[in-house]
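Everything below concerns the one structure shown next.
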Protein chains: 2
Amino acid sequence: MEICEITIVDPDKVQSTSTSLPDARDVEELSNLFKILGDPTRLRIVLALSVNELCVCDLAAVTQMSISAISHQLRLLRNMNIVSNNKQGKMVYYKLDDHHIESLIKESLTHIKE
Amino acid sequence: MEICEITIVDPDKVQSTSTSLPDARDVEELSNLFKILGDPTRLRIVLALSVNELCVCDLAAVTQMSISAISHQLRLLRNMNIVSNNKQGKMVYYKLDDHHIESLIKESLTHIKE
DNA sequence: TGAATACTTGCACACTTGTTCAACTGAAAG
DNA sequence: CTTTCAGTTGAACAAGTGTGCAAGTATTCA
């Protein structure tokens with residue numbers, strides 16, 4: 001990986017830009033957040049759960065996806081603490097666990113419609 | 001794809017949730033936006049360009065990536081009208097073209113730090 | 001004109017991702 | 001206990017993604 005070290009055009013600008021970037025860990029975390037919302041199925045799950053607490057099968061119905069596909073995606077969302085679940089008998093109800101995400105999505109929606 | 005049609009538990013909730021979701025086209029567009037920011041290289045490019053207009057080589061230096069990798073990603077960002085470029089002699093300067101994205105990222109950064 | 005520089009592009013390839021299928025778990029009902 | 005139902009899980013696989021490499025373009029400078 002040929003890292004550009006020789007042909008820097010403006011070292012001062014490179015330096016000042018580098019130092020004003022957010023800390024690498026935050027950038028990583030932020031890109032992970034965007035990545036998880038960057039799939040239409042997961043985004044629709046989050047949107048649906050921002051309206052109602054739902055069991056897996058009803059989530060599948062709302063998103064028009066298979067139970068299995070939804071369950072796989074729910075696991076990812078659980079691992080990132082975006083949703084949490086609540087077992088009642090045979091059924092598992094999911095809800096949003098991170099309401100920051102809800103407002104973030106709402107804001108982003110108005111952004112794309114500008 | 002076994003779509004869940006039979007075992008819907010609460011049809012009213014499914015119906016009301018479905019109708020209160022944003023229109024499918026917007027969801028698709030929003031997930032595309034998140035997807036493009038969901039890669040650390042691209043996110044760092046956008047962050048860097050929100051600080052300074054930069055040529056490709058300086059961008060490579062800031063992000064610690066090869067010229068080629070940066071150039072490939074810049075093409076994607078150009079195609080989505082997130083950045084635009086400006087040729088001056090041999091050099092190509094890139095800048096942010098969509099400043100909604102800038103504020104969206106800034107807001108999201110504060111979200112993850114909550 | 002010829003060489004050098006800054007960047008772009010197409011191809012290749014390893015890696016990742018999303019979904020399906022089938023097997024499994026655990027709770028409830030018969 | 002056995003069956004049924006709701007959901008989970010792992011393996012498999014096709015499709016997509018990010019980067020490197022090498023060749024190409026366009027501009028500058030000698």
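Just so we're on the same page: letters track the sequence lines, and every chain starts at 1. None of the values given here were measured: they were computed from a predicted structure.
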B:R42 vs D:dT17: side-chain N/O to OP1/OP2 distance below 4.0 Å: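 Checking B:R42 against D:dT17: no side-chain N or O falls below 4.0 Å of OP1 or OP2.
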[X] side-chain proximity, nearest of [options]:
{"X": "B:R75", "options": "D:dT8, C:dT9, D:dC5", "value": "C:dT9"}
{"X": "A:K35", "options": "C:dT17, C:dT8, D:dT8", "value": "C:dT17"}
{"X": "B:D39", "options": "C:dA6, D:dG18, C:dT20", "value": "D:dG18"}
{"X": "A:A69", "options": "C:dC7, C:dG18, C:dT20", "value": "C:dT20"}

Under-3.5 Å donor-acceptor pair between B:S68 side chain and C:dT8 base: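 No, no donor-acceptor pair under 3.5 Å.
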Base C:dT20 to side chain A:H72, donor-acceptor N/O within 3.5 Å cut-off: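 Such a pair exists between side chain and base.
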Nearest-angstrom distance from the residue atom CE of B:M65 to C1' of D:dT17: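 After rounding, the reported distance stands at 14 Å.
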DNA chain C: 5'-proximal contact among A:K90 and A:Q73 (nearest heavy atom):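 Whichever sits nearer the 5' end wins; that is A:Q73.
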Closest-nucleotide ordering on DNA chain D, the 5'-leading residue of B:T41 and B:Q88: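 Upstream on the strand: B:T41.
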Atom pair CD/CD1 of A:Q64 and A:I70 - distance to nearest 0.5 Å: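 Nearest 0.5 Å value for the CD-CD1 distance: 10.0 Å.
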From A:L77 atom CG to A:I45 atom CD1, the distance as rounded to the nearest 0.5 Å: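 It is 5.5 Å, given to the nearest 0.5 Å.
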Distance-minimising heavy-atom pair for B:S108 and B:L104: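 Shortest heavy-atom separation between B:S108 and B:L104 comes out as OG-O, 2.6 Å.
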Heavy-atom pair with the smallest gap, counting every atom of A:D26 and B:I112: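 Minimum heavy-atom contact is O-CD1, 3.6 Å.
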Sugar-phosphate only, base, or nothing, as touched by B:Y93 at under 4.0 Å among non-hydrogen atoms: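 It contacts nothing in the nucleic acid.
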